[in-house]
Colleague: 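Questions regarding the structure given below will be posed in turn.
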Amino acid sequence: MWQRYRFLCCGCGANTAAAGDRELHDYAGCGGEGGFGEEDGGKTGAVGAAMRLPWSQVEAMTGGFTSAVVGEGGFSTVYLARISGALAAVKVHRSSERLHRVFRQELDALLRVRHPHIVRLLAFCEQQEEGVLVLEFAANGNLHERLHGGGKAAGTMPWARRVSVALQSSPGVLPSVHIVGDGLRFQLEFGFQEICAKLAK
Ligand SMILES: Nc1ncnc2c1ncn2[C@@H]1O[C@H](COP(=O)(O)OP(=O)(O)OP(=O)(O)O)[C@@H](O)[C@H]1O
């Protein structure tokens, strides 16, 4: 419980509130200094398990779904949010029975994986048909954009960097990908932070 709470709170004072109030804490607009990865001072980004959110918090994080849209996928709309001072991507799956299965599959996979080269699942909401994943924000676009240009990518990636990314994201470096099998469609989407490849799903 401590880990769950610590995970999302920012040190703005709300952590002294009663448990009921915590659920209502509007952390999306909070300017606190903390952030994810606090447990080890943010050195490794290691934190507790992803937190289950109520739908009201998803609405707060996305400003009632009016915050900036950072991407649209075949299954979802991805919003920018700020949580405890850190940027996050709030991926809201479209609602339908079939797409809810896709959401469940992605959620189950992300809950089982923790790896420096996989974009981290910070929180999730499964209260409505529109399943929500709150992910670490990958600031530098996706792999397709970096390989082919366009989107947020400024130019294409040099070959040496391509090789480095391929090695970082290969199954040998990502043993956890074997565990989740088809749950991660890792050829589709990568996020990049500096030289590291990060698998976004
Ligand atoms: N963690 C993230 N950080 C920053 N941007 C993201 C993140 N996750 C997704 N996006 C953005 O949102 C877009 C859509 O996301 P994603 O591809 O995961 O959606 P999807 O609905 O699963 O779609 P599809 O499977 O058709 O690609 C991405 O191309 C990317 O631009």
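Keep in mind that the numbers below use all heavy atoms, side chains included, and drop hydrogens, waters and symmetry copies. Every number for a ligand or one of its atoms is a count from 1 in the order of the listing.
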Colleague: Report yes if some N/O of Ala89 lies less than 3.5 Å from some N/O of ligand 1; otherwise report no.
Modeller: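 Ala89 vs ligand 1: no N/O contact under 3.5 Å.
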
Colleague: Can you find an N/O atom of Phe75 closer than 3.5 Å to an N/O atom of ligand 1?
Modeller: yes

Colleague: In ligand 1, which numbered atoms sit nearer than 4.0 Å to a non-hydrogen atom of Lys91?
Modeller: 16 (P), 18 (O), 19 (O), 20 (P), 22 (O)

Colleague: What atoms of ligand 1 come closer than 4.0 angstrom to any heavy atom of Phe137?
Modeller: 3 (N), 4 (C)

Colleague: Would you call Arg104 and Asp108 a salt bridge, using N to O less than 4.0 angstrom?
Modeller: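 Salt bridge flag = yes for Asp108 with Arg104.
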
Colleague: Decide whether an N or O pair under 3.5 Å exists between Ala138 and ligand 1.
Modeller: yes

Colleague: Considering only heavy atoms of Glu72, which atoms of ligand 1 have at least one such atom less than 4.0 Å away?
Modeller: 13 (C), 14 (C)

Colleague: Which heavy atom of Cys125 sits nearest to which heavy atom of Pro54, and what is that distance?
Modeller: SG-C, 4.1 Å

Colleague: Using heavy-atom distances, let me know which of Val92, Val69, Val78 sits nearest atom 10 (N) of ligand 1.
Modeller: Val78

Colleague: Report yes or no: does Arg94 contribute a side-chain atom to a donor-acceptor pair with the main-chain N or O of Glu130 at less than 3.5 Å?
Modeller: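 Such a contact is absent between Arg94 side chain and Glu130 backbone.
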
Colleague: Under a 3.5 Å cutoff, is there a donor and acceptor pairing between the side chains of Ser67 and Arg82?
Modeller: no

Colleague: What are the two closest heavy atoms between Thr77 and Val69, and how far apart are they?
Modeller: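 Shortest heavy-atom contact: CG2-CG1, 3.8 Å.
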
Colleague: Taking 4.0 angstrom as the limit and counting only heavy atoms of Ser76, give me the atoms of ligand 1 inside it, by number and element.
Modeller: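 Answer, ordered by atom number: 19 (O), 20 (P), 21 (O).
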
Colleague: Within the 4.0 Å heavy-atom shell around Leu135, which atoms of ligand 1 are there?
Modeller: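 So the atoms of ligand 1 that pass are 1 (N).
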
Colleague: Contact between Glu136 and ligand 1, counting heavy atoms under 4.0 Å?
Modeller: yes

Colleague: If you look at every heavy atom in Val90 and Met61, which pair is closest and at what distance?
Modeller: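 Answer, listing the atom of Val90 first, then Met61: CG2-CE, 3.7 Å.
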
Colleague: Check for a donor-acceptor pair, side chain of His100 on one end and backbone N or O of Glu129 on the other, with a separation under 3.5 Å.
Modeller: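 At least one qualifying donor-acceptor pair exists.
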
Colleague: Under 4.0 Å from a heavy atom of Gly73: give me the atoms of ligand 1 that qualify, with their elements.
Modeller: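 Those qualifying, in numeric order: 14 (C), 19 (O), 20 (P), 21 (O), 23 (O), 26 (O).
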
Colleague: So, for Val132 and Phe103, which heavy atoms are closest and what is the spacing to 0.1 Å?
Modeller: N-CE1, 3.4 Å

